[in-house]
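None of the values given here were measured: they were computed from a predicted structure. For reference, positions follow the sequence shown, starting with 1.
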Amino acid sequence: LGNVMTASEFAARLRRRERLSGYWSVLDCPVATEWLAHVGYDYMALDLQHGLIGYSGMVSGLTAIDAAHGPVGLIRVEANHPTAIGRALDAGAAGVIVPLINTAEEAAQAVTAATYPPTGIRSYGPMRAQLRIGPTPTVANADTVVLAMIETPQGLENVESICATAGLAGIYVGPSDLRLAVGGAHSQD
């Protein structure tokens, strides 16, 4: 088995800027996800923006990750929107990776969507989340991670102010979109 890590431990390690390894999955295949969760990764990210994973696949994937008693499950949500962020967290994700963050204000919106009042606007309905993080809102606010994806020249230009956003655990560079946005060639061009 891999390292057994709680969401709280993952969040603390991430905020200390420790090296973490992860696996990015785009397929709705819970059995394969569970097998991969035994490899020893610190986290597994399920991609709901570009992947072939819908809501039930997300829940099945997070359940498979939890069954391995190893990594934490992260979700790349479809968009920086409170509904997408809340659904991923309510389904049991330890955190969200939010695409196309261009400004500190957009990063703050993501953090606000991922946290319960009084610091945020997340609606209380932790469903599966209470198995991993919760159900106490203050604990969830402390242990849930929000990562901003930098994928555009504007995001790259504003990376310092984005990184300074209160409550943001870190950034995740989107190399393909960023490469295309700054005029880089696609491998098939």
Side-chain angles (χ1 to χ4, degrees), residues 7 10-11 14 22-30 33 37 43-66 71-135 137 139-152 154-155 158-159 162-163 165-178 181:
F10 178 79
L14 183 63
Y23 187 89
W24 196 274
S25 178
V26 297
L27 297 176
D28 183 356
C29 185
T33 300
Y43 69 91
M44 289 189 65
L46 304 178
D47 187 346
L48 269 69
Q49 183 188 25
H50 294 301
L52 304 174
I53 305 170
Y55 180 77
S56 63
M58 174 181 65
V59 173
S60 296
L62 289 170
T63 302
I65 293 167
D66 288 346
V72 298
L74 301 178
I75 300 295
R76 174 163 62 168
V77 294
E78 301 93 323
N80 187 7
H81 191 275
T83 301
I85 292 169
R87 284 175 58 102
L89 296 174
D90 288 350
V96 290
I97 302 167
V98 184
L100 296 167
I101 299 296
N102 293 309
T103 65
E105 292 78 20
E106 291 174 357
Q109 289 170 353
V111 170
T112 298
T115 53
Y116 292 114
T119 54
I121 61 167
R122 181 177 171 192
S123 179
Y124 188 78
M127 304 307 286
R128 277 199 78 252
Q130 59 191 316
L131 300 172
R132 226 10 165 160
I133 304 175
V139 172
N141 285 351
D143 292 348
T144 299
V145 298
V146 178
L147 300 165
M149 284 198 80
I150 305 298
E151 304 177 86
T152 66
Q154 184 183 10
N158 294 321
V159 72
I162 291 169
C163 288
T165 302
L168 189 69
I171 63 168
Y172 212 110
V173 175
S176 297
D177 284 327
L178 185 57

Student: Side-chain polar contacts of residues 90-105 - donor-acceptor pairs under 3.5 angstrom, sequence neighbours left out - could you list them?
Tutor:
unit_1, atom_1, unit_2, atom_2, d
D90, OD1, R122, NH2, 2.9
N102, OD1, T152, OG1, 2.2
T103, OG1, E105, N, 3.4
T103, OG1, E105, OE1, 3.4
T103, OG1, E106, N, 3.0

Student: If you measure from CG on L147 to OH on Y43, what distance do you get to the nearest 0.5 Å?
Tutor: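 That separation rounds to 8.0 Å.
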
Student: Please name all residues satisfying ring pair (Phe, Tyr, Trp, His ring centres under 6.0 Å) with Y55, sequence neighbours left out, ordered by chain then number.
Tutor: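 Applying ring pair (Phe, Tyr, Trp, His ring centres under 6.0 Å) to Y55 gives none.
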
Student: Going from CD1 on I75 to CG on L89, what distance comes out if it is rounded to the nearest 0.5 angstrom?
Tutor: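 Here the rounded value is 9.0 Å.
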
Student: Quick check on the 6.0 Å ring-centre criterion: do Y172 and W24 meet it?
Tutor: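 Distance test on ring centres: under 6.0 Å, yes.
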
Student: Please check this pair: side chain of T144 against backbone of N141, looking for a donor-acceptor N/O pair closer than 3.5 Å.
Tutor: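 Not confirmed, T144 side chain does not pair with N141 backbone.
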
Student: Which atoms form the tightest heavy-atom contact between V77 and A88, and what is the distance?
Tutor: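 Result for this residue pair: CG1-CB, 3.9 Å.
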
Student: Would V59 and R128 count as a side-chain contact (heavy atoms from CB on, under 4.5 Å) here? Give the steps.
Tutor: CA-CA 9 Å; V59 173; R128 277 199 78 252; 3.9 Å; yes

Student: Could you tell me the separation between the CD1 atom of I171 and the CD1 atom of I150, rounded to the nearest 0.5 Å?
Tutor: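 The distance works out to 5.0 Å.
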
Student: Using salt bridge (Lys or Arg N to Asp or Glu O under 4.0 Å) as the criterion, list what pairs up with D47, not counting sequence neighbours.
Tutor: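 If we apply the salt bridge (Lys or Arg N to Asp or Glu O under 4.0 Å) test to D47, skipping adjacent residues, the hits are R76.
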
Student: So which heavy atom on L168 is nearest to which on A148, and how close?
Tutor: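 Looking at all heavy atoms of both residues, the closest pair is CD1-N, 3.8 Å.
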
Student: Are the side chains of I53 and L46 in touch, meaning some heavy atoms are under 4.5 Å apart?
Tutor: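 Yes, at least one pair of side-chain atoms sits under 4.5 Å.
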
Student: Which atom pair, heavy atoms only, marks the closest approach of V111 to A166?
Tutor: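 Smallest interatomic distance, heavy atoms only, reads CG1-O, 3.7 Å.
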
Student: Distance from I85 atom CD1 to Q109 atom CD, nearest 0.5 Å?
Tutor: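 If we round to the nearest 0.5 Å, I85:CD1 and Q109:CD are 9.0 Å apart.
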
Student: To the nearest 0.5 Å, what is the distance between OH (Y116) and CD1 (I121)?
Tutor: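 Answer for the OH-CD1 pair, Y116 versus I121, is 12.5 Å.
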
Student: For the CZ atom of R87 and the OG atom of S123, what is their distance to the nearest 0.5 Å?
Tutor: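 Atom-to-atom, R87:CZ and S123:OG are 12.5 Å apart.
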
Student: Closest approach of S25 and T33, non-hydrogen atoms and distance?
Tutor: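 So the minimum-distance heavy-atom pair works out to OG-OG1, 4.4 Å.
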
Student: For residues S60 and P30, report the shortest heavy-atom separation together with the two atoms involved.
Tutor: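 Smallest interatomic distance, heavy atoms only, reads CB-CG, 3.6 Å.
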
Student: Search all heavy atoms of G54 against all heavy atoms of L48 and return the closest pair with its distance.
Tutor: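 The pair with the smallest heavy-atom distance is O-CD2, 4.4 Å.
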
